[in-house]
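Not measured: the values here are computed from a predicted model.
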Amino acid sequence: MSATGGPAGPAGQPDDGWRQLDRRTVLVTAAVMAGVAGGAGLPVLLGLAGGMPWWRALALVLAGAAVLIAAGAGADYVRWRRTRYRIGPERAELHTGLLLMKRRSLARERIRSVDLTAHPLLRILGLVKVRIGTGEHTGAGESTLELDPVTKAEGERLRRELLARTAVSVPGSHREGTLAVLDPRWIRYAPVSFVAPLLGGAAVGAVMQVSEWFGAQARVIDWIGERFQDTPLVWTLVVLVAAALVAGVVGALGLWVEMWFNHRLEREPGGTLRVRRGLFTTRSISIEERRLRGVELVEPIGVRLCGAARVDAVATGLATDEADRHADHKTLLPAAPRAVADEVAALVLRETGAPTSAPLTAHPHAARARRLRWALGAALLPLLVLTLLGLLLTDVLLYVAAACAVLFLPLAVLLALDAYRSLGHALGGDYLLARSGTVRRATVALQRDGIIGWTVKQSWFQRRAGVLTLTATTAAGDGAYSVYDADEHEVLDFASRTVPGLLEPFLERPERTL
């Protein structure tokens, strides 16, 4: 039985059209298990060597590693033997399982994505993992088929065959080929993302965990204490936080290179957008333009202060289950200068000008007052708790509360004012535009014909302020995009102009009779 031929059917007869995964999956699994065994074996070896001769400890570790590798490779061999797939004229099918055979089938007309990924081991062997999805939210992976692995040529064949569509005429710009390529200078936006502080904290935790494995955590803490024994506590904290941030910045730069190396956004004949990227783990993500409903410009606060934004797709069928809800799956362009992001958004939407750069209608001052109240309330609550505890326990907490008030109250006011300035909405040709957020500001350009409903929310406080929140419901992207705290009269007229006839029946009032 060959790696690409069909497995035997009943009575040894071949099943036409059935194929197997590549048999080198067993080699990949053995290599991965060897890495796991090596990583876990070192601390185990050090622990055992303290109570027995080193050669005996080494023999036990090697024996355990051999069992682990053999078990993993054996299980994957059984999986390979019992897995087959077939792409028929109407359905894509996958059968797998030993005692309990699982059969999964997707109608070809419902397939919306064929994504290819390959980590370093797969790339060395010329293999890829293929994920076929319908984009439906059915749960338990029932809307996806995963072929792990097949040859790279087979993966490309499957992608072309399953996404083959009759080309349709789309109005607007018809530029095909490369729409955007990575500019290495964009790496300057990596350190100002939220990833840097998170990676810095993870680095500190990793150092402490590894030192604990080797029984040296106390010595590490003592070493740090000796270096800062004559330094005031405040400066000690500043230096340690700065060191963690430096580690986070280095990690963010490395992660950016791994994720976005050789990034390329292309439009293929027939109306398919394809994103390819990755240094060690390569990824190929395809999005049919017929399920594209718009784009979203995302500006985290650090990136925004540098005048940059990233471009995400608003499309149906991108998030198929909980394991696949990753922001980078819908990202068409990483953080880039805002002018470049607007240009790419226009090219993706086949527009001559970027809808995301259109002027927006400002929201009433009542929206600013609401954000100021929220921000000050969020900042004052912990201060009140610290003050109360300080009065009951120790004066130190009173000084901490005062310091926090000096730092956080002005910051809360600045963020609230920025959140108000970020609010806006407008109609830009065929698109509804809505912008909101401060820590993560997002501007969505949503096709008006992709809106399937409206949700109008108005709390008691909003009624007193004369504002309301209007939410456009769509089958794409996050499913709902809101215009927050807009003037209640203006925004209802805005909704009726955006999708005529959709909201009017709910706004009509019966005539009064005398």
Can you confirm whether [X] sits close enough to [Y] that some side-chain heavy atom of one is under 4.5 Å from a side-chain heavy atom of the other?
{"X": "L433", "Y": "V444", "value": "no"}
{"X": "R441", "Y": "I301", "value": "no"}
{"X": "I287", "Y": "S113", "value": "no"}

Around atom CZ of F280, are there more than 12 heavy atoms of other residues, nucleotides or ligands at under 6.0 Å? no

For atom OH of Y481, decide whether the heavy atoms of other residues, nucleotides or ligands shown that lie under 6.0 angstrom number more than 12. yes

Taking all heavy atoms of [X] and all of [Y], pick out the closest pair and write down the distance.
{"X": "Y431", "Y": "R448", "value": "N-CD, 3.7 Å"}
{"X": "G155", "Y": "L116", "value": "O-CD2, 3.9 Å"}
{"X": "L122", "Y": "T117", "value": "CD1-O, 4.3 Å"}
{"X": "I452", "Y": "A475", "value": "CD1-N, 4.2 Å"}
{"X": "P359", "Y": "A426", "value": "O-CB, 3.5 Å"}
{"X": "V181", "Y": "W186", "value": "O-CH2, 3.6 Å"}

Nearest 0.5 Å please: distance from the [atom1] atom of [X] over to the [atom2] atom of [Y].
{"X": "Y189", "Y": "R310", "atom1": "OH", "atom2": "CZ", "value": "14.5 Å"}
{"X": "R435", "Y": "L423", "atom1": "CZ", "atom2": "CG", "value": "8.5 Å"}
{"X": "T471", "Y": "I451", "atom1": "OG1", "atom2": "CD1", "value": "11.0 Å"}
{"X": "Y85", "Y": "I132", "atom1": "OH", "atom2": "CD1", "value": "8.5 Å"}
{"X": "T387", "Y": "L383", "atom1": "OG1", "atom2": "CG", "value": "6.5 Å"}
{"X": "I111", "Y": "L162", "atom1": "CD1", "atom2": "CG", "value": "4.5 Å"}

For L380 and L409: C-alpha separation, side-chain torsions, deciding distance, then whether side-chain contact (heavy atoms from CB on, under 4.5 Å) applies. CA-CA 8 Å; L380 286 173; L409 287 178; 3.8 Å; yes

Please evaluate residues L391 and L398 with respect to the criterion side-chain contact (heavy atoms from CB on, under 4.5 Å), reporting the C-alpha separation (whole Å), side-chain torsions for both, the decisive distance (0.1 Å), and the verdict. CA-CA 7 Å; L391 294 173; L398 295 177; 4.3 Å; yes

Expected output: side-chain [X] to main-chain [Y] donor-acceptor under 3.5 Å:
{"X": "T282", "Y": "G278", "value": "no"}
{"X": "D478", "Y": "A480", "value": "no"}
{"X": "Q458", "Y": "V467", "value": "yes"}
{"X": "T331", "Y": "P334", "value": "no"}
{"X": "R264", "Y": "R276", "value": "no"}
{"X": "R267", "Y": "V348", "value": "yes"}
{"X": "R274", "Y": "E266", "value": "no"}
{"X": "R370", "Y": "F461", "value": "no"}
{"X": "H263", "Y": "L332", "value": "yes"}
{"X": "R304", "Y": "T438", "value": "yes"}

For L253 and I187: C-alpha separation, side-chain torsions, deciding distance, then whether side-chain contact (heavy atoms from CB on, under 4.5 Å) applies. CA-CA 7 Å; L253 293 173; I187 195 174; 3.8 Å; yes

So, R293 versus T474: side-chain donor-acceptor pair below 3.5 Å or not? no

Between S284 and R159: side-chain donor-acceptor atoms closer than 3.5 Å: no

Suppose we screen for side-chain hydrogen bond (donor to acceptor under 3.5 Å, both in side chains). Which residues come up paired with [X], at least two apart in sequence or across chains?
{"X": "E258", "value": "none"}
{"X": "R188", "value": "none"}
{"X": "D342", "value": "R338, T356"}

Parallel, tilted or perpendicular: which describes the rings of Y420 and H365, with under 30° parallel and over 60° perpendicular? tilted

When you look at R91 and E93, which way does the salt bridge (Lys or Arg N to Asp or Glu O under 4.0 Å) test go after all the steps? CA-CA 6 Å; R91 309 193 70 82; E93 302 172 81; over 6 Å; no

Residue pair H363, V491: steps toward the side-chain contact (heavy atoms from CB on, under 4.5 Å) verdict: CA-CA 10 Å; H363 289 201; V491 78; over 6 Å; no

Name the residue from V303, L305, V249 that meets the side chain to side chain contact (heavy atoms under 4.5 Å, CB included) definition with V192. V303

So, R108 and E90, do they make that salt bridge, N to O below 4.0 Å? no

